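Since the structure comes first, as structure tokens, the remarks are kept for the end.
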Amino acid sequence: MLRAIVLHSDDNVATLIDPGRAAIPVKLTGEASGEIELTDDIPFGHKCAIRAIAKGAEILKYGQVIGRATAPIRVGDHVHIHNVEALRGRGDIEEGR
């Protein structure tokens, strides 16, 4: 079974520790347990949603805000630059918003 690690109990994403394939169950490890099903193929090391994330909602990894959803994200979706606005280290916005 494919695996993904959740790094903090508040996170709404997990990081794949195996290359992910659409419609294949993924076992959550680390600070969460259970399974999700991926909606797309997702490369090793990339993030997937473990909860539905509304457009404009914060993306949480390490228990920290790392971005904001630019579109609705379903459980199992790839969470990456196509649906997330980065908020860290940009310099053009105030961090922590």
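These numbers were taken from a predicted model, which means no experiment stands behind them.
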ring-ring contact (aromatic ring centres under 6.0 Å, His included) partners of residues 15-42, not counting sequence neighbours, each pair once: none

Using side-chain contact (heavy atoms from CB on, under 4.5 Å), reason through V65 and L87 one step at a time and then give a plain yes or no. CA-CA 8 Å; V65 176; L87 299 178; 3.9 Å; yes

Which pairs count as side-chain hydrogen bond (donor to acceptor under 3.5 Å, both in side chains) when at least one residue sits in residues 3-17, sequence neighbours excluded? R3-D18, T15-K61

Taking all non-hydrogen atoms of both residues into account, name the closest pair between A69 and A54 and its distance. CB-O, 3.4 Å

Quick check: closest heavy atoms across E58 and I53, and the distance to 0.1 Å? O-CG2, 4.3 Å

Under the salt bridge (Lys or Arg N to Asp or Glu O under 4.0 Å) definition, can you give me all pairs with a residue in residues 39-52, not counting sequence neighbours? R21-D41

List, by chain and then residue number, the residues other than V26 in its hydrophobic cluster (Ile/Leu/Val/Met/Phe/Trp/Tyr, side-chain heavy atoms under 4.5 Å); write none if there are no others. L2, V6, L16, I24, L28, I36, L38, I42, I50, V75

Is a donor from one side chain sitting under 3.5 angstrom from an acceptor on the other, for D77 and T39? yes

Gap separating the CD1 atom of I5 from the OG1 atom of T29, nearest 0.5 angstrom: 4.5 Å

With sequence neighbours left out, the residues meeting side-chain contact (heavy atoms from CB on, under 4.5 Å) with E35 are M1, P25

Provide the closest heavy-atom pair for I73 versus A49 in the form atom of the first, atom of the second, distance. CG2-CB, 3.7 Å

Taken to the nearest 0.5 Å, the spacing of R74 CZ from N83 CG works out to 10.5 Å

Can you pull the ring-ring contact (aromatic ring centres under 6.0 Å, His included) pairs that have at least one residue in residues 28-58, sequence neighbours excluded? H46-H78, H46-H80

Walk me through it: do L60 and I66 pass the test side-chain contact (heavy atoms from CB on, under 4.5 Å)? CA-CA 6 Å; L60 297 166; I66 63 164; over 6 Å; no

